[in-house]
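Below you'll find the structure, written out as structure tokens, and then a few comments.
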Amino acid sequence: QVQLVESGGGLVQAGGSLRLSCAASGRAINIYTMAWFRQAPGKEREIVAANGWSISTYYADSVKGRYTISRDNAKNTVYLQMTSLKPEDTGVYYCAAGTSRIYFLESTGYDYWGQGTQVTVSS
């Protein structure tokens, strides 16, 4: 079965940068769209960025201009470059993958999930 493993989280000061990586392993087949969600303490999980099989992308309003999603299709790996980080960016970031060729904005649109990686932005 498909397994997703996130890495790159950690503690960073406000204004700093981090790059998250998510690599698929196991029987990684039929993965067309990948996305990043985050969940702040006491809050519901929300989408922050996504892309489909093509170059089309989505960014939440709160991260536009600061985050960049990219992927290496041959390796089934997606990256999230985060810059100008703010304390409100703090949360557990989850990688998600789906078998649709287009991305979804809801978590129910994805078939596979990583274990999450913590991002903490200090003020």
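Note that these values count all heavy atoms, side chains included, but never hydrogens, waters or copies made by symmetry. Index from 1, following the sequence. In this text, all values refer to a predicted model and were calculated from it rather than measured experimentally.
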Pair Trp113 and Phe37, ring centroids less than 6.0 Å apart: yes

Closest non-hydrogen atom pair between Leu4 and Met34, with its separation: CD2-CE, 4.5 Å

Side-chain ion pair, Lys86 and Asp89, N-O less than 4.0 Å: no

Side chain proximity check, Tyr93 to Gln118, heavy atoms < 4.5 angstrom: no

OG on Ser107 to CD1 on Ile47, rounded to 0.5 Å: 9.0 Å

Full working for side chain to side chain contact (heavy atoms under 4.5 Å, CB included) between Asn51 and Tyr58: CA-CA 6 Å; Asn51 65 13; Tyr58 167 84; over 6 Å; no

Side chain Thr77, main chain Lys75, donor-acceptor under 3.5 Å: yes

Student check: side-chain heavy atoms of Val78 and Cys95 closer than 4.5 Å: yes

Smallest separation among heavy atoms of Ala24 and Ile31, with atom names: CB-CD1, 4.1 Å

Thr90 side chain to Val121 backbone, donor-acceptor under 3.5 Å: yes

Backbone of Gly98 reached by a side-chain donor or acceptor of Thr33 within 3.5 Å: no

Shortest non-hydrogen contact from Ser123 toward Pro87: CB-CG, 3.8 Å

Test item: Ser62 and Arg38 side chains (from C-beta on) under 4.5 Å apart, heavy atoms: yes

From Thr57 atom OG1 to Lys64 atom NZ, the distance as rounded to the nearest 0.5 Å: 9.5 Å

Backbone N/O of Glu6 and side chain of Thr117: donor-acceptor pair under 3.5 Å: no

Heavy-atom closest contact (Thr99 atom, Tyr32 atom, distance): O-CD1, 3.1 Å

Note, Leu80 side chain near Tyr67 side chain (heavy atom, < 4.5 Å): yes

Leu18 vs Val119 side-chain heavy atoms within contact, under 4.5 Å: yes

Criterion side chain to side chain contact (heavy atoms under 4.5 Å, CB included) on Ser56 and Tyr103, from CA distance to verdict: CA-CA 9 Å; Ser56 61; Tyr103 58 76; 4.0 Å; yes

Listed partners of Arg19 passing side-chain contact (heavy atoms from CB on, under 4.5 Å), at least two apart: Ser21, Tyr79, Gln81

Side chains of Trp36 and Cys22 in contact at under 4.5 Å (non-hydrogen atoms): yes

Pairwise distance OH(Tyr59) to OG1(Thr68) - rounded to 0.5 angstrom: 4.5 Å

Joint cluster assignment, Leu20 & Val63, ILVMFWY side-chain distance < 4.5 Å: yes

Ring geometry between Phe104 and Tyr110 (parallel below 30°, tilted from 30 to 60°, perpendicular above 60°): perpendicular

